[in-house]
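For clarity, every value in this text was computed on a predicted model and none was experimentally measured. Throughout, protein chains are lettered first and strands after them, A, B, ... in sequence-line order, and every chain is numbered starting at 1.
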Amino acid sequence: TDVDDKIIKKSNETGEACSTITEKYIDEFHNEMDALNVLRPTMEPKATEHIDHIIGFVEKLIEKGKAYAVDDGNVYFSIDAFEHYGRLSGRNPEDMRAGARIAVEEKKKNPLDFTLWKPAKSGEPYWESPWGNGRPGWHIECSAMSHEYLGEGFDIHGGGKDLIFPHHENEIAQSEALFGTRFVKYWIHNGFVDINHEKMSKSLGNFTMIKDVLERYSPEVIRLFLLSKHYRSPIDYSEQSMHEVNMGLDRIYGFLERLENEGIQPDASGNGPLWQAFTDAMNDDFNSARALAAVFETVKKGNKMLDQAPEQPDKALISELTQVQNDMADIAGILGIFLETPSAWFAAKKDKGVADMAVDPAIVEALIAERTQARKDRDFARADEIRDQLQQMNIVLEDGPSGTSWRFA
RNA sequence: GGCGGCUUGGCCAAGGGGUAAGGCAACGGCCUGCAAAGCCGAUAUCCCCGGUUCGAAUCCGGGAGCCGCCUCCA
């Protein structure tokens with residue numbers, strides 16, 4: 001929706017048009033989703049561009065006796081006219097009426113009836129309608145727009161857990177009351193991101209914005225963090241979790257780097273057992289945590305194979321590892337993690353470390369060269385001294401067959 | 001008060017009747033001049049009580065703790 005009380009309030013305060021305000025936030029949203037590597041939706045309909053369809057929807061509900069207009073310009077949905085009301089959220093309208101904490105609005109037939117169209121107060125934007133100047137209620141926007149683009153029913157509807165009641169319940173009521181067919185086959189309700197075991201909220205002042213997290217961690221780390229727990233469960237954001245996930249991703253990239261160094265590249269030879277395990281997990285209600293476990297198991301197994309591989313790996317080993325590469329590449333494309341080349345990944349990390357720690361790479365390289373010479377001369381005291389010195393700069397050395405590389409811890 | 005969910009090793013987290021995946025951290029070992037990386041190894045009876053069952057973390061009942069939704073708005 002791009003018209004609601006908060007937007008209107010802000011518009012009245014700042015003098016900016018509602019559309020100016022919503023465009024600003026829509027842009028911000030797009031920027032952050034793009035940064036997180038979230039694909040853009042095919043359609044992103046706005047409520048204000050579908051008012052005619054919404055009005056038509058409401059008119060038809062009234063015709064069918066599922067809704068009623070009140071003389072003050074309000075139109076309400078009559079929940080008593082929809083027998084399945086409460087099915088999704090497991091609520092019983094009778095109980096809710098009994099437990100209602102609010103003063104009953106006597107214009108409603110049932111206190112749980114909700115607004116389809118509301119009259120405009122002075123200073124509010126409005127559209128003309130058969131019930132006077134006003135604007136749509138929130139729930140009807142979704143029923144009307146989904147109908148326009150997806151038809152009378154569709155397969156999957158997503159949303160946060162908090163929207164189950166009343167929003168999704170109301171969408172079902174509106175659409176099924178009008179069309180008499182099943183509205184949605186599968187509901188995908190995601191849990192929230194908590195922060196340090198508390199709900200993020202303005203009153204607690206514990207908001208963390210995506211853009212701030214992006215300054216500290218790669219988008220892939222954020223994605224891996226979100227995938228590490230089942231989507232339905234709440235997930236707790238903390239520095240420690242992010243750090244752990246970050247380390248785990250390095251482990252994956254480290255393995256991919258080893259494969260690359262062995263000249264193992266993805267090809268057209270098809271998928272292996274990892275792919276099977278991955279798809280099994282994902283097909284089980286998007287069990288991303290289990291899918292990732294399969295990835296890590298393969299990393300461990302692959303590392304072992306590489307450890308034990310002879311100088312000249314045989315064809316069978318190469319073919320097995322190539323299959324792993326194929327699986328990893330396909331999984332990367334689906335999860336949106338380890339999409340970069342390992343060298344680019346580690347180079348970016350190094351750049352960030354250089355910037356954060358204000359380190360001069362030339363000095364590091366010079367020290368490493370000196371250490372290499374010292375090691376050749378078997379002057380291990382000097383070599384270790386240099387390594388300790390670099391460690392002070394948060395730099396870790398790795399001596400490999402092809403020389404010494406460095407990274408930030 | 002109503003409805004729903006959660007409680008698994010130091011931390012994070014799968015599993016959901018047949019004897020506990022995975023990640024991070026720590027520890028021991030291999031490798032290494034020593035390290036790092038990698039590998040190997042050991043580490044949990046699943047909040048408590050009771051029940052069903054040949055068998056329960058998984059089912060049922062009770063209890064404790066935590067979380068979300070339940071006016072308007074979205």
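The residues Asp80(A) and Lys109(A) are annotated as not salt-bridged, no charged nitrogen and carboxylate oxygen being separated by less than 4.0 angstrom.
Between Phe296(A) and Ala383(A), the residue anchored closer to the 5' end of RNA chain B is Phe296(A), taking for each the nucleotide with the nearest heavy atom. Nearest-nucleotide assignment on RNA chain B puts the 5′-proximal partner with Tyr231(A), out of Tyr231(A) and Asp4(A).
Taken residue by residue, residues 39-48 of chain A places no heavy atom nearer than 4.0 Å to RNA chain B. Using a 4.0 Å cutoff on non-hydrogen atoms, the parts of residues 346-376 of chain A near RNA chain B are Arg371(A), Arg375(A), ordered by number. Contacts between residues 388-409 of chain A and RNA chain B, counted as heavy-atom distances below 4.0 Å, involve Val396(A), Leu397(A), Glu398(A), Asp399(A), Arg407(A). Within residues 299-310 of chain A, the residues that place at least one heavy atom under 4.0 Å from RNA chain B are, in residue-number order, Lys300(A), Asn303(A), Lys304(A), Asp307(A). Less than 4.0 Å separates RNA chain B from no heavy atom of any residue of residues 209-226 of chain A.
Within the structure, salt bridge (Lys or Arg N to Asp or Glu O under 4.0 Å) pairs that include any residue of residues 128-137 of chain A comprise Asp5(A)-Arg135(A), Glu124(A)-Arg135(A) (at least two apart or interchain). Applying the salt bridge (Lys or Arg N to Asp or Glu O under 4.0 Å) test to residues at least two apart or on different chains, none of the pairs has a partner in residues 313-332 of chain A.
Residues passing the side chain to side chain contact (heavy atoms under 4.5 Å, CB included) test with Met33(A) are Phe29(A), Leu36(A), Val38(A), Ile210(A), sequence neighbours excluded. With sequence neighbours excluded, no residue satisfies salt bridge (charged side-chain N to carboxylate O under 4.0 Å, His left out) with Arg251(A). Annotation: side chain to side chain contact (heavy atoms under 4.5 Å, CB included) contacts of Gln391(A) (sequence neighbours excluded): Asp388(A). Considering only residues two or more places apart in sequence or on other chains, His147(A) meets the ring pair (Phe, Tyr, Trp, His ring centres under 6.0 Å) condition with His53(A), Phe179(A).
In this structure, the CD1 atom of Ile8(A) is 8 Å from the P atom of A74(B), given to the nearest Å. Distance CZ (Arg258(A)) to P (A36(B)): 16 Å, rounded to an integer number of Å. The NZ-P distance, from Lys161(A) to C69(B), rounds to 12 Å in whole Å. Between Leu292(A) atom CG and A13(B) atom C1' the separation is 11 Å, expressed in whole Å. One can place NE2 of His168(A) at 14 Å from C1' of G68(B), the figure rounded to the nearest angstrom.
Shown here, U19(B) forms no base pair; nothing in the strands shown gives a Watson-Crick or G-U wobble contact with both key distances under 3.5 Å. When both distances must be under 3.5 Å, the Watson-Crick or G-U wobble mate of U32(B) does not exist. Figure legend. C59(B) is base-paired to G51(B); pairs are counted as Watson-Crick or G-U wobble with both atom distances under 3.5 Å. G68(B): Watson-Crick or G-U partner is C3(B), with both key distances under 3.5 Å.
Thr1(A) comes within 4.0 angstrom of sugar-phosphate atoms only, judged by non-hydrogen atoms across all strands, and of no base.
Using a 4.5 Å heavy-atom threshold, the side chains of Trp138(A) and Asp4(A) count as separate.
For Phe165(A) and His167(A), the ring centers are positioned 6.0 Å apart or more. Outside the 6.0 Å centre-distance limit, the rings of His157(A) and Tyr186(A) are not counted as a close aromatic pair.
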Side chain to side chain donor-acceptor pair (under 3.5 Å) between Trp406(A) and Glu365(A), worked out
CA-CA 9 Å; Trp406(A) 60 284; Glu365(A) 298 290 353; 3.0 Å; yes
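In this model, the phosphate group of C73(B) is approached by a side-chain N or O of Lys118(A) to a distance below 4.0 Å at OP1 or OP2. Under 4.0 angstrom from either OP1 or OP2 of A25(B) there lies no side-chain N or O belonging to Arg251(A). Taking 4.0 angstrom as the limit, Arg135(A) places a side-chain polar atom (N or O) nearer than this to OP1 or OP2 of A74(B).
Of the inter-residue distances, the one linking Ile51(A) atom CD1 with Lys46(A) atom NZ reads 13.0 Å to the nearest 0.5 angstrom.
No donor-acceptor contact under 3.5 Å links the side chain of Glu297(A) to the base of G22(B).
Stacking of Phe380(A) onto the six-membered ring of G33(B) is present: less than 5.5 angstrom between centres, less than 30° between planes.
Asn110(A) and Tyr76(A) are not linked by any side-chain donor-acceptor pair at a separation below 3.5 angstrom, with hydrogens and angles left out of the test.
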Could you go over nucleotides 15-20 of chain B and give all protein N or O partners under 3.5 Å, atom names and distances?
residue: G15(B); atom: OP1; partner: Asn287(A); partner atom: ND2; Å: 2.6

